[in-house]
Amino acid sequence: MDKQLLRNIAQRLMADDKGLLAMDESVATCNKRFAEAGIPQTEEYRRKYREMIVTTPGLGECISGAILFDETTKQAANDGTPFIDLLVKGGIIPGIKLDEGAKAQPAFPGEKVTEGLDGLRERLKVYVAQGIKFAKWRAVITIADDTPTDGSIYANAHALARYAALCQEAGIVPIVEPEVLMDGSHSIERCFEVTERVLHIVFEVLIQQRIYLEGMILKPNMVVSGLDAAVQADVEQVADATVECLLRCVPAAVPGVAFLSGGQAAQDASAHLNAMHIKYNDKLPWALTFSFARAVQQPAMEYWAGKDENVSVAQQLLYKRASINNAARRGEYTPAIEA
Ligand code: 13P
């Protein structure tokens with residue numbers, strides 16, 4: 001394992017108040033978002049949409065790395081330039097989603113385990129040759145009365161650790177993403193309890209499987225109220241609970257924590273990141289940033305709506321959301337910058 005290479009990539013991903021852009025929606029997820037926005041669900045429209053993103057002027061000022069889906073690594077802009085080359089030219093490090101989705105876990109009703117380990121060493125070689133420098137694997141944890149169980153958390157943690165080990169062997173920085181979903185009517189306290197349990201087990205297994213902590217990034221959920229909870233925690237409560245939970249669970253050797261947005265409104269996700277930096281900036285042992293998909297892309301996707309004449313304004317909306325999250329990382333976000 002080339003530890004220095006891994007440390008350097010992780011540090012570049014976390015540098016300069018930037019964050020990551022998750023643009024790695026699978027075909028099914030991308031089509032679902034397109035259907036909601038009235039956009040045709042074809043390979044060509046997915047290509048056009050990703051071209052709009054990777055050709056956004058100045059995006060590399062705000063975004064350090066972009067996580068791609070396999071289909072996108074093989075696509076190119078209208079002029080024939082591969083998307084990966086466009087990203088690198090724009091100062092953005094290309095990454096790849098390696099998991100193959102969360103599937104029903106046998107014998108664990110209501111719980112899922114993520115697939116994609118078979119043949120991963122060989123797939124990694126192809127991506128390394130394409131210039132990919134980092135990767136992502138998402139585990140999905142659902143809060144309900146009887147879940148998550150330790151049996152499911154351990155199965156997911158084990159898959160995350162085996163993926164991370166294969167990445168590090170290949171010189172790729174693994175992003176380890178155990179997502180505790182917001183779905184449900186649970187309280188923020190219940191989200192805290194579950195997120196803490198999940199992160200403890202994930203790091204227990206990462207350490208057992210000899211993951212080089214200095215050469216990985218954690219992508220967690222924020223600790224929030226369930227989407228359908230009658231009482232919704234406010235910005236400060238989310239910031240306090242999230243930072244307390246992470247400080248309890250994430251070793252200081254980990255260079256970076258980059259949040260998913262998980263279905264929060266874009267403004268809420270930015271306000272939460274901002275509040276964490278205002279209150280805790282000098283108490284955090286790791287860089288704390290964003291790796292949002294929806295909370296950066298949504299306004300741009302809706303404006304674009306599949307129409308070429310909307311590309312330029314959609315790109316401005318994308319740039320704006322990314323730069324607002326840079327401001328949040330500096331603790332300089334105010335609702336006024338949304339205007
Ligand atoms: P959201 O920010 O839309 O939750 O997506 C982040 C992600 O990469 C989920 O795997």
Side-chain angles (χ1 to χ4, degrees), residues 13 18-37 49-50 53 62-72 92-103 112-116 132 134-143 156 159-160 163-164 167 173-184 191 195 198 202 216-224 226-227 238 242 256-273 288-302 317-318 321-322 324-326 328-329:
L13 289 170
K18 295 183 192 178
L20 305 172
L21 174 61
M23 49 178 291
D24 61 335
E25 296 85 0
S26 63
V27 170
T29 303
C30 191
N31 285 347
K32 188 173 141 210
R33 306 243 192 281
F34 276 10
E36 285 158 8
Y49 178 63
R50 266 67 186 249
I53 294 178
C62 318
I63 298 294
S64 56
I67 312 171
L68 307 175
F69 180 62
D70 180 68
E71 178 180 84
T72 316
I92 297 175
I93 302 171
I96 183 77
K97 181 228 287 290
L98 290 177
D99 68 73
E100 293 179 339
K103 309 284 160 61
K112 292 184 171 175
V113 65
T114 301
E115 296 186 350
I132 296 285
F134 72 105
K136 182 189 107 172
W137 179 289
R138 173 174 175 255
V140 179
I141 308 290
T142 305
I143 300 183
N156 276 293
L160 279 165
Y163 136 84
C167 284
V173 166
I175 296 185
V176 170
E177 180 181 8
E179 176 174 3
V180 178
L181 295 177
M182 290 174 72
D183 301 354
C191 180
T195 304
V198 167
V202 165
M216 65 160 274
I217 289 166
L218 178 72
K219 176 162 173 166
N221 52 285
M222 295 183 193
V223 176
V224 293
L227 276 174
V238 170
T242 303
V257 173
F259 291 110
L260 59 95
S261 58
Q264 300 178 56
Q267 291 88 336
D268 292 347
S270 304
H272 291 152
L273 181 63
L288 193 65
T289 189
F290 61 94
S291 176
F292 299 155
R294 282 164 285 180
V296 169
Q297 292 182 43
Q298 204 62 32
M301 182 189 286
E302 282 167 15
L317 292 171
L318 187 77
R321 269 286 25 110
I324 282 176
N325 285 303
N326 296 155
R329 197 181 155 179

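Atoms within each ligand, like the ligands themselves, are counted from 1 in listed order.
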Item to check | Intermediate values then yes/no, side chain to side chain donor-acceptor pair (under 3.5 Å), T142 and D183 | outcome: CA-CA 7 Å; T142 305; D183 301 354; over 6 Å; no
Quick one: look up the protein heavy atom nearest [atom] and list residue, atom name and how far away it is.
atom: atom 1 (P) of ligand 1; answer: S261 OG, 3.3 Å
atom: atom 10 (O) of ligand 1; answer: K136 NZ, 2.6 Å
atom: atom 4 (O) of ligand 1; answer: G262 N, 2.6 Å
atom: atom 9 (C) of ligand 1; answer: E177 OE2, 3.2 Å
atom: atom 5 (O) of ligand 1; answer: A293 CB, 3.2 Å
atom: atom 3 (O) of ligand 1; answer: R294 NE, 2.7 Å

Item to check | E71/K97 salt bridge by N-O under 4.0 Å criterion | outcome: no
Item to check | Residue portion contacting ligand 1 (non-hydrogen atoms closer than 4.0 Å) for R138 | outcome: side chain
Checklist entry - Given side chains that start at C-beta, do those of F69 and S26 come closer than 4.5 Å, heavy atoms only? => result yes
Checklist entry - Taking C-beta and beyond as the side chain, do Y163 and D99 meet within less than 4.5 Å on heavy atoms? => result no
Next on the checklist: Could you work out, with salt bridge (Lys or Arg N to Asp or Glu O under 4.0 Å) as the rule, every residue matching K103, not counting sequence neighbours?
Outcome noted: E115
Checklist entry - Looking only at heavy atoms, which two atoms of P178 and L218 are closest? And how far apart? => result CD-CD1, 3.9 Å
Next on the checklist: Quick check on side-chain contact (heavy atoms from CB on, under 4.5 Å): which of L20, L288, T289 does F259 satisfy it with?
Outcome noted: L288
Would [X] count as being in polar contact with ligand 1, using the rule that some N or O on each side must be under 3.5 angstrom apart?
X: S291; answer: no
X: A22; answer: no
X: E179; answer: no

Next on the checklist: Looking at V202, is its backbone amide N or carbonyl O close enough to the side chain of N156 to form a donor-acceptor pair, meaning the two atoms are under 3.5 Å apart?
Outcome noted: no
Checklist entry - What atoms of ligand 1 come closer than 4.0 angstrom to any heavy atom of F292? => result 2 (O)
Checklist entry - Of the choices Q298, K219, Q264, which has the non-hydrogen atom that lies closest to atom 6 (C) of ligand 1? => result K219
